[in-house]
2 protein chains.
Amino acid sequence: MSKDITIYDIAKDAGLSPATVSRALNDHPTVREKTKSKIFKIASKLGYQSNIFAANLRTNRSNNIGVIVPMLDSKFQASVIAGMETVASEAGFNLLISQSLNSQEKELANVHTMFKSRVDGLLVSQTSNEFGTQHFKPFFRKNIPVIFYDRVGNCDNCLGIVIDNVNAAYTATKHLLEQGYKRIFHVLGSEKIDVYRDRLKGYKLALIENHIAYNGDLVMFSKLSEDACEDIIEKMQELEQMPDALFVSNDGCAANCIQVLKSKGICVPDDIAVVGFNNDGISRLVEPNLTTINYPGQEMGEIAMKSLLQRLEDPSSTTLNQTEKISLRSELIIRDSSVKK
Amino acid sequence: MSKDITIYDIAKDAGLSPATVSRALNDHPTVREKTKSKIFKIASKLGYQSNIFAANLRTNRSNNIGVIVPMLDSKFQASVIAGMETVASEAGFNLLISQSLNSQEKELANVHTMFKSRVDGLLVSQTSNEFGTQHFKPFFRKNIPVIFYDRVGNCDNCLGIVIDNVNAAYTATKHLLEQGYKRIFHVLGSEKIDVYRDRLKGYKLALIENHIAYNGDLVMFSKLSEDACEDIIEKMQELEQMPDALFVSNDGCAANCIQVLKSKGICVPDDIAVVGFNNDGISRLVEPNLTTINYPGQEMGEIAMKSLLQRLEDPSSTTLNQTEKISLRSELIIRDSSVKK
DNA sequence: ATAATAATTGAAATCGATTGTATTTTTATT
DNA sequence: AATAAAAATACAATCGATTTCAATTATTAT
C-alpha cells in the first residue's frame, strides 16, 4: 500500500513551504493567486487527499454533526434527514446518524457515543419528552450546540424546531366542523408532551370559534400504537352517543382505526369521518384515503441544520434563557375519509 | 472553556509516563494490573475523555463505517440500519449514513464524501445495479472494504448480502399454484438486475414443478413505481385471457394495483389474487391485506456489518475473485389477497 | 534610486495519542 | 547474594495539517 501524499510532498515538488501549501489549499487570502494555482495543479497531479485526521486534531473540530432519531422508517424522517444533509454538505459537514429505536437507554448510549466522537453539534428528536435533557449535560458544559426538532426536549439554552401544532389541530378540527361533523373524538399521545397539549389547544379553539361546548369525554390520551385502536373504538362505543368524527394524532393509528371501523360495519366517512396526522404513505393507501396533516420534513431538517451551523459560526447566539421554538406551518390534506359523499 | 484532560495530565498525576498511561487505557497486557487500576482511577477522577482525533491520526483509522442507502423511509431500511448499528457499536464503530435518494449523482457525491471522511469501510445498497462500481475505485485502490447489500453491485473482490431471490419467488409462486391459481402474471423490475432475473428463475421453477408451461406473455418488466400499475393492468387486459393471479416484485406497486383493480370492479382475491414483495407497512393496510415476502432486515444489516468487520480484522479475506454472495432466507407471509374466501 | 509599506512566504511549535526501542525494575535461579 | 531472565516502564519519534510570528520579497511613494 503506497503512502499517502501529504502537503510536504506538494511543498517539495513546488519548492515552497508546507505552511504556504496548507494556506493555499484552504484558499487563504495571503497566498498569491499564481502560487495557489501552481499548488492546486501539483496537488491534483499527485492525487493529494487532505488528511482530515490531522486537520481535526489541529483545529479540534470533526466536521461531523450528530443526529439522533427515534426511527428511520417513514417518509417524514427520510425527508428530514435529506434536508439536513443538503444544508450540511453544502457547508462541509457530514451526518453521524443513529436511531434510538424508542428506547431511552439507547438514546442515552447514542448521546454518549456522539460525545466521544466529538461531533461539532447535535440534532435530536427525542424518544420521549418526559426523558428530560440531563444526558446532554456534557454537551452543554462544553458549549456544543444541541438543537431539538419534532420531538423537543425542554431545557435552558436550547432551540427546538417544531410544527405549529396548535394551528394544525385547529385547521383539522375546523375542517371537520365545516363538513358538518359535530361530535369530534380526539385521540392524542401522552398528556405530558407539549406537542399533544398544543394540539388539544387547537382542537378547543376550533370548537369555541364554532360555538360548540368542549366535552372532555371526547378526548382520549393513548399510546397511538398500531394496536391501540381497539381501545379507541371501544371507548368511543362506550359513550352514550357515538361520535361522528375521529381525529387521531397519528396516521398509522388512524388507518388502523378505519380498518377496525369498517370491519364493524361502520362506514367511513358517512357514519364517521376520520382525520390523521403526519401524511404517511399509509394515508394514501387506506380505503378511503385518509385526510391528514402534512408537515414539511425537508424544511424542518434544513432549518434545524441551518440553526445549528449558525450557532457554530457565532457561539454567542447560543445564549438563550430557555427553550426557544421555531414553529413551521403545516398543511391540511383533504382526502376521502372526511368528506361526505 | 477549560482545557481538556490529556494523557499527559494523567501521567503527571500518577507519576508515570504518557506511554504507560496510553497503554493502560488501552488495556495493553504489558502494564501491571495495579498500575492500570491506578491510572483508571485517576482518569475518571479527572474526567478524562480520549481525544479520538489524535488517535485517528496516529492509527490512521476513523472507527467510522460509511453506509449509503437509497432512502431511509421504510421499516426494512430502519431495521437494516439497526442491525448494522448493533454490531458496529459492539465493536466500537460508528455509522456515517447518507441517502442517495435514488439519484446516481448523489450516490457518486456520497461515495466521494465517504472517501474524504476516511471511513474504515463502506456498506452500500446501490441506487441502481446498472450504475456499475467504477466510482468505488478509490476504495478498492486503498483496499478499503466495500460490501454491498440488498441492491448489489457487480465487481471483482466484492461481497454482496442478498436474499435468496430464487427461493422467495419460487415459494410465492408455489403458494399461488396451491391456491388453485394457474395463470400467474409476474411483474419484475429491470431485466438487467440480478435480483429480478433470480426471481424469474424461481417463478419458472415453481411452474415446471407443477407441470405448467412457461408463457413469456405473462411476464413483464416494469419500473415498479407507484404509478406503473396502470401500465401493468392495461397489459394484463390486453391478453386474450385475463390472468387469475398477479405477483409484483414490490409491495407499494402491488398495493396500488389492488386499488386500481378494485376501482375497475375486479375483485381481489376472487377474480385475481395479488402477491407483493418486501412486507412493507403498506401490505397490512391495503384492503384486502397483501400476501408478501418478508425479508430479514435486521439480520441482513448484522451480517453485512459482521462481514465488513471481519475484513477489517483480516484483510486477506478481501481477496475474492468475483462478487461473492451471501443469501438470506426470506419468508412468505400469507394474507387475504391470495386466499380464496 | 531609496526608503517605507504592504504583500507573501517560511520556520517552527503545536494538537494528543501511539509505538518501537531502550532502560529500569522485578522476579527467578543458582 | 549475584546474576540472568523476564516484566514493566520511559524516551522520543511520529502521524499531517494548522497557525503564530518572523523573515523575506514585491510594490509604492518620494
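Chain A is the first sequence line, chain B the second, and so forth, proteins listed ahead of strands; every chain is numbered from 1.
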For residues 5-12 of chain B, which side-chain N or O atoms pair as donor and acceptor with protein atoms under 3.5 Å away, sequence neighbours left out?
residue	atom	partner	partner atom	Å
B/Thr6	OG1	B/Tyr8	N	3.1
B/Asp9	OD2	B/Thr6	N	2.8

Overall bend - the helix from C/dA1-D/dT30 to C/dT30-D/dA1, comparing terminal axes fitted on five pairs, nearest 10 degrees: 30°
A/Thr86 vs A/Gln298 side-chain heavy atoms within contact, under 4.5 Å: yes
Check: A/Arg32 side chain, C/dT8 base, donor-acceptor under 3.5 Å: no
Under the side chain to side chain contact (heavy atoms under 4.5 Å, CB included) test, residues paired with A/Asn110 that sit two or more places apart: A/Ile68, A/Ser98, A/Ser100, A/Lys106
DNA chain D contacts among residues 33-40 of chain B, heavy-atom distance under 4.0 Å: B/Thr35
Under the side chain to side chain donor-acceptor pair (under 3.5 Å) test, residues paired with A/Glu107 that sit two or more places apart: A/Gln126, A/Thr127, A/His135
Covered region of DNA chain D, 5' end to 3' end, by chain B [heavy atoms, under 4.0 Å]: D/dA8 to D/dG16
4.5 Å side-chain heavy-atom contact, A/Val111 and A/Phe139: yes
Sugar-phosphate, base or nothing in reach of B/Thr30, heavy atoms under 4.0 Å: base
Flag side-chain contact, heavy atom, 4.5 Å: A/Lys325 against A/Asp194: yes
For DNA chain C, the residues among residues 10-26 of chain A that have a non-hydrogen atom under 4.0 Å from it: A/Gly15, A/Leu16, A/Ser17, A/Ala19, A/Thr20, A/Arg23
Anything under 3.5 Å between a donor and an acceptor, one on a side chain of residues 115-122 of chain B, the other on a protein residue two or more places apart or in another chain? List them.
residue	atom	partner	partner atom	Å
B/Ser117	OG	A/Asn94	ND2	2.9
B/Ser117	OG	B/Thr113	O	2.9
B/Arg118	NH1	A/Asp4	OD2	3.0
B/Arg118	NH2	A/Gln49	O	3.0
B/Arg118	NH2	A/Ser50	O	3.2
B/Asp120	OD1	B/Ser62	N	3.0
B/Asp120	OD1	B/Ser62	OG	3.3
B/Asp120	OD2	B/Ser62	N	3.4
B/Asp120	OD2	B/Asn63	N	2.6

Qualifying side-chain hydrogen bond (donor to acceptor under 3.5 Å, both in side chains) pairs with a residue from residues 32-43 of chain A, counting only residues at least two apart or across chains: A/Asp27-A/Lys36
Near-ring test B/Phe148/B/Phe136, centroid separation under 6.0 angstrom: yes
Worked verdict on A/Phe53 versus B/Phe53 for ring pair (Phe, Tyr, Trp, His ring centres under 6.0 Å): CA-CA 6 Å; A/Phe53 300 153; B/Phe53 300 153; 9.3 Å; no
Qualifying residues under side chain to side chain contact (heavy atoms under 4.5 Å, CB included), relative to A/Thr59, sequence neighbours excluded: A/Arg61
By side chain to side chain donor-acceptor pair (under 3.5 Å) - contacts of B/His28 (at least two apart): B/Thr30
Side-chain N or O of B/Tyr48 closer than 4.0 Å to phosphate OP1/OP2 of C/dA17: yes
By side chain to side chain contact (heavy atoms under 4.5 Å, CB included) - contacts of B/Ser125 (at least two apart): B/Pro70, B/Tyr149, B/Asp150, B/Arg151
Touch class at under 4.0 angstrom, heavy-atom based, for A/Phe53 against every strand present: nothing
